[in-house]
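Notes follow once the structure below has been shown.
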Amino acid sequence: MDYTTKFGSLSSYEKGRIDVIDDDAKHYAFSNIFEVAEHAKPWEKIAVGKNMQYVLEVIRAEGTSPWRTCAHDEFPLVMDGQLVLELVKLDVPLAPEGKNGSIAISGEPAGKRMGRITLRRGHQALLPANSAYRFHAETTSVILLQTILGDDTVQKWAEICLS
Amino acid sequence: MSMNEVVQSSAPNGAGYKSFTIGAFTFGRDEFFARIAWPTGTHVLSVDVFLRALQRDVAWDFFYGTVNFDSVIGTVNHYGTVDLFAGRYNESYRKAELDYVENFESGHLRETFKAMLEDWTNSEFDPFASPAETGKPFGEKSGSNTSAITRRRVAANRMVGVPGDEQIRTDASHPINRMFADVSQDEPLLEAEPGFENEVAAFNLFAYLSRSDVTWNPSVVSVCKESLYCPTTEEYILPVIHGNDRIEWFVQLSDEIRWEVEDGDTGKKRAAVTMKAGDVAAMPGDIRHQGYSPKRSMLLVWENGSPDLPRLIAAGQAPIYPVDF
Ligand SMILES: [Fe+2]
């Protein structure tokens, strides 16, 4: 028998459901990555998971992102589309030591080019601590980012979650 | 190791299996069933269910919180010691005051469970495998399957694929699973400048998961401080009912799983959560859950491995629900 593995995408996804018996659906903070990305602004970082200070952010990737940096490692996973990731080793770290979450860099980052990575659906990359990074997406793509709650994390649970 | 921490077992019974004693609990098996006795009761369950659950409890070192083998038997991890219980999280047993709990040094229970798993698992049976991909656990004792039950637990330090860390899976050791034959195997295109080969890193997570030879067995692929990505491939039924002591999150990467959710303390039904590809949901800190996956699926389990959490949990200060809205 041939099996078909179902992945979701911006153009084709189906949200699941909660059948409540004796509970409140809000307890599950249930959202869908593609639905969140569908209604997001490009490069906005929307939390879809939060465990204490840690978050999972959905990013709608469209065109070229601003340069960003972060004091700790982050990990983007491509859920839909294709991206090119550029990495620069900053001469001087721009995110204060111990700061959680990414920050934007104004203008071009000062440092050595580390390289670039072409990522497609299912690919996960390392954004090394204190590097500068930016993404480029020819067609609208979707990223799930493993990171920590920061200044740019958008929280709009009531809008995205089943209730 | 003191005398009372030595694994206690009997000579083989008529079916060829040893019985094991720890504290006031005894565990025995026959051709079809595991039989458990404690001072206020006895319990019987299919040895199929029992061995699959026992395998996870041993491999995960009692995991986060409660591992219910079924509605009666299980363990609670106190991270150093562990409770072995019967009926403790079952309302009927509690009301009848027939529930029983005993606390052991983790090492003592771990070694007893490992010896039981080794003795009771026959050569044809792999407790980690989908039931469609392994032999039956039943019948008289015939051989052992040590390599299957002692698989190394994969845990990346930074990320799979980073030089010096866990590496990607290949045909030689991890052929693509029959249910993931259509999953793209292309790897990211890495163009590192000289000197940066160790930090320009990426891998195909979906291809990596398509080659997993186990089910319901999370392994760490990326680490952001204490935030752990623990994806796993799921087929058939989660062999334990997990009562998480902290919030854990699920990201359904492919296909579909239905979660039966019960109250963690009483076992009363609370909800059924159906997750499809792209869905994200939290499992609250006061429930227990068991997943049903009709086709092999990719599930990203996201855990907070903070060493502060056991103290907060013990003090009742860990959050039960993930966000207020
Ligand atoms: Fe769980």
Side-chain angles (χ1 to χ4, degrees), chain A residues 2-8 13-23 25-35 48-52 54 56 72-75 77 79 85 87 89 112-126 128 131 144 146-148 155 157-158 161, chain B residues 158-159 162 178-184 186 188-193 196 199-207 221-222 224-227 229 247 249 251-256 261 268-284 295-296 302 304 306 319 321-323 325:
Chain A
D2 285 338
Y3 294 96
T4 303
T5 303
K6 264 194 171 173
F7 294 106
Y13 69 88
E14 216 183 312
K15 198 174 180 175
R17 55 179 288 145
I18 303 176
D19 295 296
V20 171
I21 299 155
D22 181 14
D23 212 334
K26 288 181 177 179
H27 292 160
Y28 298 84
F30 189 117
S31 67
N32 180 283
I33 289 167
F34 305 107
E35 185 181 63
V48 293
K50 181 177 178 297
N51 196 329
M52 318 280 279
Y54 298 105
L56 306 181
H72 52 80
D73 288 350
E74 301 174 287
F75 302 91
L77 170 65
M79 295 296 292
L85 163 65
L87 292 166
K89 186 85 188 174
K112 262 194 189 153
R113 278 176 44 80
M114 297 174 73
R116 47 180 245 161
I117 308 177
T118 306
L119 300 162
R120 282 178 290 274
R121 184 170 74 185
H123 295 181
Q124 190 180 2
L126 165 67
S131 63
L144 183 70
Q146 180 187 13
T147 185
I148 307 180
Q155 297 193 70
W157 301 101
C161 292
Chain B
R158 198 174 188 190
M159 187 184 77
V162 170
R178 74 197 196 289
M179 286 197 183
F180 288 138
D182 59 340
V183 173
S184 171
D186 64 314
L189 175 62
L190 303 175
E191 297 169 276
E193 298 294 333
F196 292 110
E199 290 211 290
V200 176
F203 76 111
N204 186 338
L205 174 64
F206 292 178
V221 299
S222 59
C224 175
K225 295 192 180 175
E226 295 138 350
S227 154
Y229 264 17
I247 293 154
W249 283 82
V251 179
Q252 192 68 40
L253 296 175
S254 86
D255 305 290
E256 180 175 333
V261 181
K268 285 186 169 172
K269 290 280 180 201
R270 281 179 47 170
V273 180
T274 303
M275 297 185 68
K276 301 188 179 196
D279 286 341
V280 184
M283 289 289 125
K295 174 199 170 287
R296 203 174 183 93
W302 177 46
N304 184 340
S306 168
Y321 302 116
V323 287
F325 65 92

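No hydrogens, no waters, no symmetry mates; every other heavy atom, side chains included, goes into these values. It should be emphasised that the depicted structure is a prediction, and the values quoted were computed from it without experimental measurement. The chains referred to below are lettered A, B, ... by the order of the sequence lines, with proteins before strands, and numbering in each begins at 1.
At a 4.5 Å heavy-atom cutoff, the contact between A/Met114 and chain B is made by backbone and side-chain atoms alike. When heavy atoms are compared at a cutoff of 4.5 Å, B/Arg296 does not approach chain A at all. When heavy atoms are compared at a cutoff of 4.5 Å, A/His72 approaches chain B solely by way of its side chain, counted from C-beta outward. Contacts between A/Arg120 and chain B at a heavy-atom distance below 4.5 Å involve the side chain alone, from C-beta outward. Of the atoms belonging to A/Leu56, heavy atoms from both backbone and side chain fall under 4.5 Å from chain B. With a 4.5 angstrom heavy-atom cutoff, A/Thr4 touches chain B via backbone and side-chain atoms both. The parts of A/Ile18 that come within reach of chain B are both its backbone and its side chain, each placing non-hydrogen atoms under 4.5 angstrom from that chain.
For the atom pair CG (A/Asn32) and CE (B/Met275), the distance works out to 9.0 Å, reported to the nearest 0.5 Å. We find the OG1-CG distance between A/Thr5 and B/Leu253 to be 12.0 Å, quoted to the nearest 0.5 Å. Once rounded to the nearest 0.5 Å, the distance linking OG of B/Ser227 with CD of A/Glu74 reads 11.0 Å. Interatomic distance, NZ of B/Lys295 versus OH of A/Tyr3, reported as 8.5 Å (0.5 Å rounding). Atoms CZ and CG, on B/Phe203 and A/Leu126 in that order, are 11.0 Å from each other to the nearest 0.5 Å.
The nearest pair of heavy atoms linking B/Thr274 to A/Phe30 is O-CZ, 3.5 Å. Taking both residues in full, the closest heavy atoms of A/Tyr28 and B/Ala271 are given as OH-CB, 3.8 Å, listed atom of the first, atom of the second, then distance. Across all their heavy atoms, B/Lys225 and A/Tyr54 have their closest contact at CB-OH, 3.4 Å. The two residues B/Phe206 and A/Arg121 make their nearest non-hydrogen contact at CE1-CG, 3.9 Å. The shortest heavy-atom contact between A/Gln124 and B/Tyr229 is NE2-CD2, 3.6 Å. Considering all non-hydrogen atoms of both residues, B/Cys224 and A/Ile148 come closest at SG-CG1, 3.8 Å.
If you tally non-hydrogen atom pairs under 4.5 Å between each of B/Arg178, B/Lys269, B/Glu226 and chain A, the highest count goes to B/Glu226. With respect to chain A, the highest number of heavy-atom pairs below 4.5 Å among B/Ser306, B/Ser254, B/Pro188 belongs to B/Pro188. Listed options B/Val323, B/Val273, B/Leu190 were ranked by heavy-atom pairs under 4.5 angstrom with chain A; first place goes to B/Val323. Comparing B/Val261, B/Val200, B/Asp255 by how many heavy-atom pairs each has under 4.5 Å with chain A, the most go to B/Asp255. The candidate from B/Ala281, B/Ala282, B/Pro322 with the greatest count of non-hydrogen atom pairs under 4.5 Å with chain A is B/Ala282. Ranked by heavy-atom pairs shorter than 4.5 Å toward chain A, the options B/Pro319, B/Ser222, B/Ala181, B/Ala201 are led by B/Ser222.
Here the side chain of A/His123 pairs a donor or acceptor atom with the backbone of B/Asp186 at under 3.5 angstrom. The backbone N or O of B/Ile247 lies less than 3.5 Å from a partner atom in the side chain of A/Asn51, making a donor-acceptor pair.
Here B/Glu199 pairs with A/Lys89 in a salt bridge; the nearest charged N to carboxylate O distance falls below 4.0 Å. A salt bridge between B/Lys268 and A/Asp22 is absent, with no side-chain N of the basic residue lying under 4.0 Å from a carboxylate O of the acidic one.
Checked against salt bridge (Lys or Arg N to Asp or Glu O under 4.0 Å), A/Lys6 has no partners two or more places apart in sequence or in another chain.
A/Lys15 NZ: more than 12 foreign heavy atoms inside a 6.0 Å radius.
A cation-pi contact links A/Lys26 to B/Phe325, judged by a cut-off of 6.0 Å to the six-membered ring centre and 45° from its axis.
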